[in-house]
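A short worksheet on the structure shown next.
Here is how names work: the chains are called A, B, and so on, in the same order as the sequence lines, proteins then strands, and each is numbered from 1.
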Amino acid sequence: MPTIKIEDLPTVYNAGETEESIYKFWEENECFKADARSPKKPYSMVIPPPNVTGVLHMGHALDETLQDILVRYHRMSGYEALWIPGTDHAGLATQAVVERQIAKEGLTRHDLGREKFLERTWEWTNQHKGAILDQMKRLGASFDRSRERFTFDEGCSQAVKEVFVKLYEKGLIYKGAYIVNWCPRCQSAISDVETEYETEQGHLWEISYPLKGESGAIIVATTRPETIFGDVAIAVNPTDYKYSELIGKTVVIPLTGREIPIIADEYVDKSFGTGAVKITPAHDPNDFEVGKRHNFKPIWVIDGEGKMKACGEVPSNLHGLDRYEARKQIIKMLEDNHSLLRVKDHEHNVGKCQRCNTTIEPLLSEQWFVKMEPLAKEAIAAVKDGRIKFIPERWEKNYLGWMENIRDWCISRQIWWGHQIPAYYHKVTGEMVVAKENPDPENYIQDTDCLDTWFSSGLWPFSTMGFPNAETEDYKKFYPTTTLVTGFDIIFFWVARMITMGLEFTGKAPFGTVYIHGLIRDEKGQKMSKSKGNTIDPVVIIDKYGCDALRFTMTSLCTYGGQDIKISDERFEYGRNFANKIWNASRFVLMNLDGVDNNDIDFSKLTLADKWILDKLNNVAKEVNTNIENYRIGETAHVLYDFFWNSYCDWYVEIAKVQLQDESIKLNTQRVLRYVLDMSLRLLHPIMPHITERVWQLIPKESEFKAIMLADYPVYQDALSYPTEAREMELVFETIKSLRNVRQSFNIAMSINFDIKIHAVDDEKPVFEAIESYIKRMAKVENISYAPASAPVPDKCATAVVSASKIAIPLENLIDFNAEIARQEKKLAKLEGERKSLEGRVNNPKFVANAPVELINQTKARIDEILVQEKAINDLISSLKS
RNA sequence: GGGUGUUUAGCUCAGUUGGUAGAGCGUCUCCCUUACAAGGAGAGGGUCGGGGGUUCAAGUCCCUCAACACCCACCA
C-alpha cells in the first residue's frame, strides 16, 4: 500500500470511495471464505434466500446487517465463521416475470410449451441469479460467495426429491380432493399462509327457495349468489324451531329448478342471516365439510379461471362469464324471478392471494398435501425443551400456537417453474409411482404440478450443506447452523417448516437460536410498499450517507424487544455523523502518532486520565461482548457511540492534547491514544466494517496484519481495570464542567482566560494540584491559586462548588450580583429537594430495616455531601449579599 | 371471537434482575479553541396513558380501563 500522508486526507469522510475499495480488498484476500477443516469452533448461518426476482429493500438491509454483525463478531472472536448466501427460485413470482416477458412477444407459456418455457425461465434466472447478492455486497455482507446456492440447483433438487419420497413412503404426503385456496389469476392452488384476508364492503342477498309441491319457501342469506347453481342442500341448525318442520323437505333452486333437500347441521349459526344456509361443497370450505358429513356430491360451477362453468347446472347464457359479471346477471335474473327478497350491506373478510391480491376462490380440487401433525410433534418439543430458542421469547408462543393447531400443508402448485412433483403415472393404467426418478419413461409420465417454493426453502439449512449426503465436510463441520436471523413475517412460511423438516431428516434442530427482528416501516409507521410509494431504497441511502452509516443507524434503532423500526431519509444522518466523527478523531490520532507502531504502554507512567480511559474501554469491551452474545445489538451500538464520542473524543482526546505537550509522558500518551483507537475500531468493526477497516490499515504497525476483520475482538482484562482512578477522574470532569457553566452564565467568551482561586478542603487539595494542567487547558484558566476552605470567598467573584471545595472566579467589572445570587439559590433549591427526599427515606425505619446496607450507606453519604455543598453555597450567598 | 405488542421530553424512541428518569433530533445561549460546524461548550424541557393494588421503595411487579398497531381464526 502506498504511503499516505494523514494531513492530505479529506476532513470529511468519503464513504463511497472507501467502501468499494475495502470490499474489494476483502474479496481479493478471500476473507469471507470459511474452512471446513479448521480446528476452530464453528459458527454458521444461512441467509434467508431472497427471491431471484427480488430487488434489494430496507428489510434486507436490516436482516443482512444483523447477520453480518453476528458473523463478523464471531469470526473475530475465534470461531470458524460461515455465512452461506443464496437465492430462492420463487416459483410463482419468477414464472410471472417470464410470462410477462414473453407476453410482449404475444406468447403465453402454453404457446411455448413446458420445456421451452423452462428454458426461457432458466435463461432469465441465470442472468439475474446473482444480482440481488451483488447488491448485498453494497451492504458489506461478509458471506461466502464460493458456497452460493440456489433453491432450484442440482443439489437442492436432489434434497427435495429425497424428502418428498421419504415423506410419501412414511405416509406423510398424500394426494386428495379438498377445498384449497385457488388463485384464478395465478391459476394455482396456494397454501393457507399465502392467503391474506381483507375486510370488504359486500352484500348479503336473501334468496327465496320455494318448497316443492307445497306453498311456502325457505329464505337463505348468501354473499355469493353466483354459487347458487352448485347448491346441493339447504342447511339449518337442528335446534332451530323456526325450521324444525321443514327439515327433510325438498326445495327448488330458483332459475334452474333443480331440487335439493333441507338438512340439519350443527355448523349453521341460528342468529346469522336468516338461519338457513345454502350448501355448495365445491366452492366453500365449510360447505365442503357439511357436504362430506351428509354424503353429497359436490357440483362445480366455477372453473379455475374464475369463470362460470359450461355445465348443465349453469344456465347457458352464463357459460364462461367471469364470476363477478355472472353475479350481476344472476342478481338481475333473481330479481326478475321475484326470488330476491332483500339486499343488505354486509362487511366481510375476503381472502386474497398474497402475491397478486386477487380474490381467492375456494375450489375443490385434487392436490398434494403434507400431513403436518406428526411432524409438528417434534417441532413443538424442540422449542419447548430449549433445543431451539426464540429471541425475543414471545415469538415462541406465537410459533407454538400455530404448530399446535397446525393444518395440512397444500404443497402442489399448478405452475411449471419449480421442483416438479416426483410422482409418475402409468400412461395406460394410471397407476402412480412416487420415486426420485421416472421408473420407465416409456410408459410413465410425471405429475405436471410443481412444489410450493417453501418446500425447498424449508430444507435450506441442510440442503446447502450437502444433504442428502451427510458426509460432506461442510455438513459435518457446520450443520446444524448456529443462528437464524429473520423477520417475524416468515415464521410460519419458513422458520416453522425448516424446523419440522430439519428435525425429521437430520434428527437435529437446524439452528439453535432464531433471532427475530422487527419490520422496517416508513416514518409514519406504515409498511413500505411500492404501491404506496413510501419505499426507501437502501442503495440510494448508501450513495448518500454511506453503508456504514446505514448499518449503524439501523442497528442503533433495533430494540431487544424487536419492535418495528420507523425510518426516514434524515435518520441516517445519525450514522453518517458518527462515521465522520470516527474519521476525524482517527485523523487527529494518526497525525499525532509520530510513527508509533505499537501498543506497548508503560503502565508505570499512566496518568489519571490514561487509567480512566483504559478502565472505561475495558468495561465497554465487556459490555459489548455480553450484549452481542445476548442479541442486544442496538444496545451495543449505543454503548460504542457513547464511549467513542463522549468519552474518547470529548474528554480523552482533549486531555491527550495537554499530555502531548509534556515530553515525559508524550510517548506513553501516544500509545494509549493508539491502543484505545485500535480497540475501538475493532469493537465497532462488526457494525461499521468499512470505515474501521480503512482507518485500521492506516495505523502504523510493526508487522503487517492482514485485516481488522481477521483481528482479535477485544475482551475484558482484569489488568486494565482502574476503578479508583476512574472515580477520581470525576473531580476533573466536575471542576471543568462547573467552570464552563460559570463562563456561560456570565457570558465570558472562550477566548478570554480567567484566574481561579480554589478554596480546597485539605484532602482534595493535592488532587486539584494534580489536575491543574487539565483545568487550565480545558476550562481556559490562566492562573490557579489556593485558599483554605474556611476562608471567605472574596467579593466580586462567581463561585462554583465542586465536591466539598469551592472555586472562586474573580470577575471584576463583569459581575452581576443578583444574577449570581439567583444562580446559587437555584442550585441550592435543587440540592435541598434531593436531600429532603433522601432524608425522608433514611428516617423511615422500614427502609432501614429492609433496604440493602449498601444503598443505605450510599444514601447517607449523599446526604452528607449535599449538606457540605449546601453550607458552602449558603456561605457564598450571604457573602454576596453583604 | 382469540392472542401479541405499544402508550416515557416538542418529535422518534431507549430504560437487563424494583433503588434519586436517558439518548438522538428539534429548541434557546455562546464559540471558526490548530481532528471534526456532519463540530465544540452550556441551558431548558417529563406528576413515565387513566385508575387501583403489592412494597420501606414502582416507568419497572399484579389487577382494571382506554387508545392505537399487528397476528391468528374466520360466520353463509
Side-chain angles (χ1 to χ4, degrees), chain A residues 6 9 11-13 192 197 204 220-224 227 235 267-269 271-280 284-287 346 348-349 351 394-395 397-398 401-402 405 488-489 491-492 518-519 521 523 525 527 545 549 553 556-557 559-568 570-571 573-574 576-592 626-627 630 632 634-635 638 641-642 649-650 653-654 657 736-737 740-745 747-751 777-780 833-834 837-838 840-841 844-852 854-855 858-859 862:
Chain A
I6 303 300
L9 293 171
T11 58
V12 173
Y13 171 59
D192 292 330
Y197 287 89
L204 198 56
V220 168
T222 182
T223 55
R224 302 202 54 201
T227 61
Y267 150 72
V268 182
D269 177 355
S271 60
F272 188 90
T274 61
V277 191
K278 63 192 216 49
I279 300 299
T280 321
D284 183 279
N286 291 304
D287 291 9
H346 177 63
H348 61 145
N349 288 333
R394 70 191 145 93
W395 292 112
K397 229 178 150 180
N398 182 277
W402 189 71
N405 298 293
F488 60 78
D489 52 334
I491 291 179
F492 302 147
L519 266 33
R521 299 180 178 277
E523 58 215 303
K527 233 175 171 170
Y545 298 103
T553 303
S556 72
L557 293 172
T559 62
Y560 183 68
Q563 291 302 310
D564 286 353
I565 296 169
K566 285 191 233 177
I567 58 166
S568 61
E570 309 84 61
R571 289 208 117 179
E573 288 174 8
Y574 176 68
R576 178 201 59 184
N577 294 355
F578 186 46
N580 200 47
K581 191 72 185 177
I582 294 171
W583 179 249
N584 280 298
S586 304
R587 273 179 58 239
F588 171 80
V589 173
L590 294 170
M591 279 189 276
N592 286 281
T626 314
N627 278 331
N630 292 298
R632 294 177 178 273
E635 197 61 19
H638 297 143
Y641 181 95
D642 178 61
C649 294
D650 288 349
V653 168
E654 292 306 316
K657 286 176 185 171
I736 292 167
K737 277 186 198 166
R740 283 171 175 171
N741 216 313
V742 168
R743 182 183 289 277
Q744 182 83 11
S745 297
N747 244 318
I748 308 162
M750 280 306 276
S751 51
R777 158 97 193 201
M778 297 175 73
K780 292 277 184 175
E834 189 187 343
S837 98
L838 293 178
R841 186 184 293 189
N844 182 343
K846 285 184 176 172
F847 172 75
V848 178
N850 293 306
E854 229 176 280
L855 182 70
Q858 210 179 303
T859 310
R862 179 62 187 148

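Between C65(B) and C70(B), the two P atoms lie 23 Å apart (nearest whole Å). C62(B) and U16(B): their P atoms are spaced 14 Å apart (whole Å). Using atom P as the reference point in both G26(B) and G40(B), the two lie 13 Å apart (nearest Å). Here, A41(B) and A58(B) have their C1' atoms 37 Å apart, quoted to the whole Å. To the nearest whole angstrom, the two P atoms, one in G46(B) and one in C11(B), are 13 Å apart. Atom C1' of C30(B) sits at a distance of 23 Å from the matching atom of A23(B), rounded to the whole Å.
At whole-Å resolution of the value, CZ in R632(A) and P in U16(B) are 8 Å apart. Summarising the geometry, the separation between CZ on R394(A) and P on U6(B) is reported as 7 Å, rounded to the nearest angstrom. Put simply, CD1 on I736(A) is 14 Å from C1' on U33(B), counting in whole angstrom units. Whole-Å rounding puts the K737(A) NZ to G40(B) P distance at 15 Å. For the pair L557(A) CG and C11(B) C1', the computed distance is 14 Å after rounding to whole Å. Rounded to whole Å, the distance from CG on D284(A) to C1' on A76(B) is 7 Å. A straight line from CZ of F492(A) to P of G3(B) spans 15 Å, rounded to a whole angstrom. Note: CD1 (I6(A)) to P (C36(B)) measures 14 Å, nearest angstrom.
The partner of C68(B) is G5(B), by the rule that a Watson-Crick or G-U pair needs both atom distances under 3.5 Å. Using Watson-Crick or G-U wobble geometry with both donor-acceptor distances under 3.5 Å, U54(B) finds no partner in any strand shown. A41(B) is paired with U29(B) under the Watson-Crick or G-U wobble criterion, all donor-acceptor distances under 3.5 Å.
The residue R224(A) sits apart from the nucleic acid: no heavy atom pair falls under 4.0 Å. Among the protein residues, P845(A) comes within range of no part of the nucleic acid, since none of its heavy atoms lies under 4.0 Å from any strand. Among the protein residues, Y574(A) comes within range of the sugar-phosphate backbone only, with heavy atoms under 4.0 Å from sugar or phosphate atoms but none that close to a base. Y197(A) comes within contact range of at least one nucleobase, with a heavy-atom separation under 4.0 Å. E573(A) comes within 4.0 angstrom of no nucleic acid atom, judged by non-hydrogen atoms across all strands. V220(A) comes within 4.0 angstrom of no nucleic acid atom, judged by non-hydrogen atoms across all strands. Using a 4.0 Å heavy-atom criterion, one finds that S837(A) contacts no nucleic acid atom at all. Here N405(A) lies out of heavy-atom contact (under 4.0 Å) with every strand. Within the nucleic acid shown, N844(A) comes within 4.0 Å of sugar-phosphate atoms alone, with no base atom in reach, counting heavy atoms only. Residue contacts shown for N741(A) are limited to sugar-phosphate atoms, with no base heavy atom under 4.0 Å away. Within the 4.0 angstrom heavy-atom criterion, no nucleotide atom of any strand lies near G840(A).
Side chain of A221(A), nearest nucleotide from A76(B), G15(B), A43(B): A76(B). Closest approach to the R862(A) side chain among U20(B), U12(B), G19(B) is made by U20(B) (side chain taken as heavy atoms from C-beta onward). Taking only side-chain atoms of A851(A), from C-beta outward, the nucleotide of A14(B), C56(B), A43(B) with the closest atom is C56(B). Considering only the side chain of K566(A), C13(B) comes nearest among C36(B), U4(B), C13(B). Taking only side-chain atoms of F847(A), from C-beta outward, the nucleotide of G42(B), G19(B), G24(B) with the closest atom is G19(B). Comparing G39(B), A38(B), A14(B) by their closest approach to the side chain of K581(A) singles out G39(B). Here the nucleotide nearest the side chain of Q744(A), chosen from U20(B), U4(B), C30(B), is C30(B). Closest to the side chain of C649(A), from the set U20(B), A35(B), G42(B), is A35(B). Between A76(B), A41(B), C36(B), one nucleotide has an atom nearer to the side chain of N584(A) than all others, and that is C36(B). Distance from the side chain of V12(A) is smallest to A38(B) among A38(B), A41(B), U33(B).
By the 6.0 Å and 45° rule, K657(A) stacks over the aromatic ring of F588(A).
Salt-bridge formation is detected for the pair E834(A)/R862(A): a Lys NZ or Arg NE/NH1/NH2 atom is positioned less than 4.0 Å from an Asp or Glu carboxylate oxygen.
At least one side-chain nitrogen or oxygen of K397(A) sits closer than 4.0 Å to the OP1 or OP2 atom of U4(B). A sub-4.0 Å separation between OP1 or OP2 of U16(B) and a side-chain N or O of N630(A) is absent. Distances shorter than 4.0 Å separate some side-chain N or O of K657(A) from OP1 or OP2 on A35(B). Contact check, T559(A) against A14(B): a side-chain N or O comes under 4.0 Å of OP1 or OP2. In terms of phosphate contacts, H638(A) brings no side-chain nitrogen or oxygen within less than 4.0 Å of OP1 or OP2 of G22(B).
Both D650(A) and G561(A) lie close to RNA chain B; mapped to their nearest nucleotides by heavy-atom distance, the more 5′-ward contact belongs to G561(A). Of the residues near RNA chain B, R521(A) and P285(A), the one whose nearest nucleotide (by heavy atom distance) lies more toward the 5' end is R521(A).
Below 30°, between 30° and 60°, or above 60°: for W402(A) and F492(A) the angle between ring planes is below 30°, a parallel geometry. Note: W395(A) and F488(A) have parallel aromatic rings, judged against thresholds of 30 and 60 degrees for the angle between ring planes.
In this structure, the side chain of N405(A) engages the main chain of G401(A) through a donor-acceptor pair within 3.5 Å.
Judged by atom type and distance alone, E654(A) reaches the base of A35(B) through a side-chain donor-acceptor pair under 3.5 Å. For A41(B), its base never sits under 3.5 Å from the side chain of R740(A) at any donor and acceptor pair.
With respect to K278(A), the side-chain contact (heavy atoms from CB on, under 4.5 Å) criterion is satisfied by exactly one of D287(A), D284(A), T227(A): T227(A).
A donor-acceptor contact closer than 3.5 angstrom links the side chains of R587(A) and N584(A).
Proximity of S556(A) to Y574(A): side-chain heavy atoms (C-beta onward) are separated by under 4.5 Å at one or more points.
In this structure, OH in Y267(A) is found 4.0 Å from CG in N286(A), a value given to the nearest 0.5 Å. For the atom pair CD (Q858(A)) and CG (L838(A)), the distance works out to 10.0 Å, reported to the nearest 0.5 Å.
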